[in-house]
Amino acid sequence: MNGPPPSSFAAFDVSKSDRTDALTVVGLTVTYRIRGRDREVLQDVSFRVRRGEAYGLVGESGCGKSTVAMATVRYLPRNGKVKAGKIVIAGEDVQKLGADALRSMRATTVSMVYQDPGRALNPSLTIARQVSEAFEAAGVARDEALQRTLDMLKRVHIAAPERVMDSYPHQLSGGMQQRVVIAMALASNPVLLILDEPTTGLDATVEAEVLDLIAQLREELGTAVLFISHNLAVIASMCERVGVLYAGKLVEEGATQDVFARPRHPYTVGLLRCLPTAGRSRDSERLDTIAGGLPLPGSVTRGCIYAERCRLADERCRRDAPPPYRLGAAHGDQMARCHYHERAIELPHAASSAAPSHCASPGAPPRAHAAPVLRARNLSKTFHLSGGPLRAVDDVSLELARGETLGLVGESGSGKTTLARLMLGLLAPDAGGSLELDGAPLAARVTRRSDEQLKALQIVFQNPDSALNRAHSVKRMIGRALARFTALRGPAIDERLGTLSDAVRLPERYLDARSRQLSGGLKQRVAIARAFAGEPRVVVCDEPTSSLDVSVQAAILNLLVDLQRERGVSYVFISHDLHVVRYVSDRIAVLYLGRLLEIGPAAAVFDGPQHPYTEALLSAVPTLPGDGAAGEPLRRARIRLAGELPEPGAMPSGCVFHTRCPRKLGAICEQQDPPFLDAGGAADQSSAHRIRCHIPVATLRALQSEPRGDNAANPTTGGGSGDTSGSTG
């Protein structure tokens, strides 16, 4: 075991690193004034980001990642202050800068990109005005600033930049908004670019495009990047080095390859095990979880701050705070604040990692042969907008068996949520579509459904804050659902509420709390308990974990799987995280512009052959080092789709995907709607693998098995150009 250095900062020589580093943080301690007391939210944090380097900062919500970013540019809220430490950007001590020098540094040396681009852009100003202001702040004349704005929008790969310049933020997609914000951030050619969860709300393809853009611009401009994220796979693909924050302390740091290949802190090990990575499914392996939650700021005064949640902790850990042990690794030094860093990789699992042998409630038929509980036939939905009719869902037919999970995937605007709302009766389908529940007709509108039908179909939303009444206690919210959907009254409701709370692992002490007093994971448990109050047959899960940390996500996914096995409920699971969809789903349906392009068993869809759109989606998913070792295909070469989604009212003829398809054949794709092809699978039609494409299945299989270079990706010259190089031509 290597001993710790004499102090946390022995490796930092600030006098030598000021000019060679874009950012140097030494001994940073930040406090927030809360209820009359100063509470430390960052403690003794030290790291550096060299010029041209990408450094990742990971950890759960509340661990201090964004506080590091805000302290770096002196954006702390009024109740926050830097208690100790030093922050140096390009040789300038940030804490010593006067108001004018600080303003100049923010305008020319450091830029920041936030998680929600919609909130970072002024809704009342055009894109041209907002981006040009960034150039004008650097002293560029108005006319030249507009020309540079056009050039910068082209540089960040925005299609039709002239049109976008005249647009307002609400007229752009999330990916386009984020690219505009990046253009503004890079206008000053900064030394340091801070990215605070810049891709959390984006689809896999858009996320991949934004990450590609950041990597390309970083290489061109030599900009250093501080990348803050809870997505470990994104950090693995973007950053040379990574720091792991827990409760305000940097508990591990090193080269990304070293930290993710052999983590030296139990917290890092736990985070990695929480991920539903390639090759894992709920029937083969249970996700590991991290018990407990973050301690309150300033509440841990002795010992290791992670001791209460660590399965390696002993009396030494609770008594003595571990120093930063520095160790040699394959790609440089690795630091870990753990007395038992050599054994961290052997951390015991929270529970058995093996999945239970039963996959549904006792007595339930196997999922593949179960009778359909919900059937949708020829569902379509047309919205009439100022630009013309928009066909959000186009002739979709699906079946959902008892105890089965059907994953719905596709980019934003593909029709996933609209299809779910049609099933729930929140929207009425166009004429010709129908729904059945247990073989009986199901009214199109929720207002015309019986109480039995209402409680049979429930939903868990993405954002529990919007779904829960902040004025009501947890007990009242769940109790109202029980009173509405069951015949229970009085003490019987309280008894059932206790049983339901136990089922969703919601501690009794939270029943009298308001939703604002709960963490994100606890709020989602309340939402799930409410959805299960009436013993539903089908639950629609609309991005139920996308806003959660990986540790909380793992617990929620395990909970949903357990409830399904216990009660035989069926799920429609919507997500843009394809690893999550693969983990929970029996079958997967792929939507694009409202059309069903592929459907089949999850393993068949992921292993291939796939529709070219599915192939592109899967290639965009970031992966951790070592993914693919458990039987899943190795990481695919990135396939970059050309262009943007078609405008409303301008739907393509023929195959809806032909304008962006990298394997387009030619005129047949433009003129004829492709048929569903049988890609093999079960004899039962409901579980068969089908692909809607003109390219024969055997040809798709052969093409997709060929090795391809990265953006080799587009074998055509623009997806829709008709060039068939690299395709079936």
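A distance of 10.5 Å separates OG1 of Thr417 from CG of Leu424, quoted to the nearest 0.5 Å. Atoms OG1 and CG, on Thr289 and Leu559 in that order, are 11.5 Å from each other to the nearest 0.5 Å. Distance check, rounded to the nearest 0.5 Å: CZ of Arg595 to CG of Asp395 gives 6.0 Å. Leu511 contributes atom CG, which lies 8.0 Å from atom OG of Ser473 (distance to the nearest 0.5 angstrom). The CG atom of Asp494 sits 9.5 Å away from atom CG of Leu482, with the distance rounded to the nearest 0.5 Å. Within the model, atoms CG of Leu497 and CE of Met477 stand 11.0 Å from one another, a figure rounded to the nearest 0.5 Å.
Formation of a donor-acceptor pair under 3.5 Å by the Gln458 side chain with backbone atoms of Phe532 is not found in this model. In terms of modelled atom types and a separation under 3.5 Å, the side chain of Tyr583 and the main chain of Leu557 share no donor-acceptor contact. Of the possible donor and acceptor atoms, none in the side chain of Ser570 sits under 3.5 Å from a partner among the backbone N and O of Val538. Put simply, the side chain of Arg273 never gets that close to the backbone of Leu271: no donor and acceptor are under 3.5 Å apart. Looking only at distances, a side-chain donor or acceptor of Gln564 sits under 3.5 Å from a matching main-chain atom of Val569. Here the side chain of Asp288 pairs no donor or acceptor atom with the backbone of Gly270 at under 3.5 angstrom. Looking at Gln524, its side chain does come within 3.5 Å of a backbone N or O of Pro544 through a donor-acceptor pair. Formation of a donor-acceptor pair under 3.5 Å by the Arg309 side chain with backbone atoms of Ala291 is found in this model. With Arg375 contributing its side chain and Glu436 its backbone, the two residues share no donor-acceptor pair below 3.5 Å. Of the possible polar contacts, none joining the Arg377 side chain to the Ser397 backbone as a donor-acceptor pair under 3.5 Å is found.
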Verdict with reasoning, Met423 to Leu400, per side-chain contact (heavy atoms from CB on, under 4.5 Å): CA-CA 11 Å; Met423 294 177 180; Leu400 185 65; over 6 Å; no
Before you tell me yes or no, could you show the steps for Gln178 and Val113 under side-chain contact (heavy atoms from CB on, under 4.5 Å), namely the whole-Å CA-CA distance, both residues' side-chain angles and the distance that decides it to 0.1 Å? CA-CA 8 Å; Gln178 196 63 289; Val113 175; 3.4 Å; yes
Residues Leu437, Val373; criterion side-chain contact (heavy atoms from CB on, under 4.5 Å); working and verdict: CA-CA 6 Å; Leu437 181 66; Val373 61; 4.2 Å; yes
Show your working on side-chain contact (heavy atoms from CB on, under 4.5 Å) between Leu518 and Arg525 and close with a plain yes or no. CA-CA 10 Å; Leu518 305 180; Arg525 289 174 190 273; over 6 Å; no
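Taking every heavy atom of both residues into account, Val581 and Ser575 meet most closely at CG2-CB, 3.6 Å. Annotation for Ala204 and Ala620: closest pair O-CB, 3.5 Å, computed over non-hydrogen atoms. Leu422 and Ala428 get closest at one heavy-atom pair: CD2-C, 3.8 Å. Smallest separation of non-hydrogen atoms from Pro622 and Ala233: O-CB, 3.5 Å. Taking both residues in full, the closest heavy atoms of Leu296 and Ser299 are given as O-OG, 2.6 Å, listed atom of the first, atom of the second, then distance.
Between Thr623 and His579 the shortest side-chain heavy-atom distance falls below 4.5 Å. Residues Ile588 and Val590 meet the side-chain proximity criterion, which asks for heavy atoms closer than 4.5 Å. For the pair Tyr246/Pro295, a side-chain contact is recorded, criterion being any heavy-atom separation below 4.5 Å from C-beta on. A heavy-atom distance below 4.5 Å is found between the side chains of Arg582 and Ser281. Between Leu211 and Phe227 there is a side-chain heavy-atom pair separated by less than 4.5 Å. Using a 4.5 Å cut-off on side-chain heavy atoms (C-beta onward), Asp430 and Lys381 make contact. Looking at Phe260 and Leu232, their side chains come closer than 4.5 Å, going by heavy atoms from C-beta outward. Looking only at side-chain heavy atoms (C-beta outward), Asn231 and Glu207 come within less than 4.5 Å of each other.
Between Asp438 and Arg402 there is no salt bridge, since no side-chain N of the basic residue sits under 4.0 Å from a carboxylate O of the acidic one. Classification of Lys65 and Asp196 as a salt-bridged pair fails, no side-chain N sitting under 4.0 Å from a carboxylate O. With respect to the salt-bridge test (charged N to carboxylate O, under 4.0 angstrom), the residues Glu535 and Arg496 qualify. Salt bridge annotation for Arg421-Asp542: absent, with no cationic side-chain nitrogen under 4.0 angstrom from a carboxylate oxygen.
Between His265 and Tyr306, the ring center distance clears the sub-6.0 Å criterion.
Within 6.0 Å of CZ on Arg470 lie no more than 12 heavy atoms contributed by other residues, nucleotides or ligands. Within a 6.0 Å radius of CZ in Arg480, other residues, nucleotides and ligands contribute 12 heavy atoms or fewer. Counting non-hydrogen atoms of neighbouring residues, nucleotides and ligands closer than 6.0 angstrom, the CD atom of Glu495 reaches no more than 12 such neighbours.
Checking Glu60 against Tyr267 by side-chain atom types alone, a donor-acceptor pair falls below 3.5 Å.
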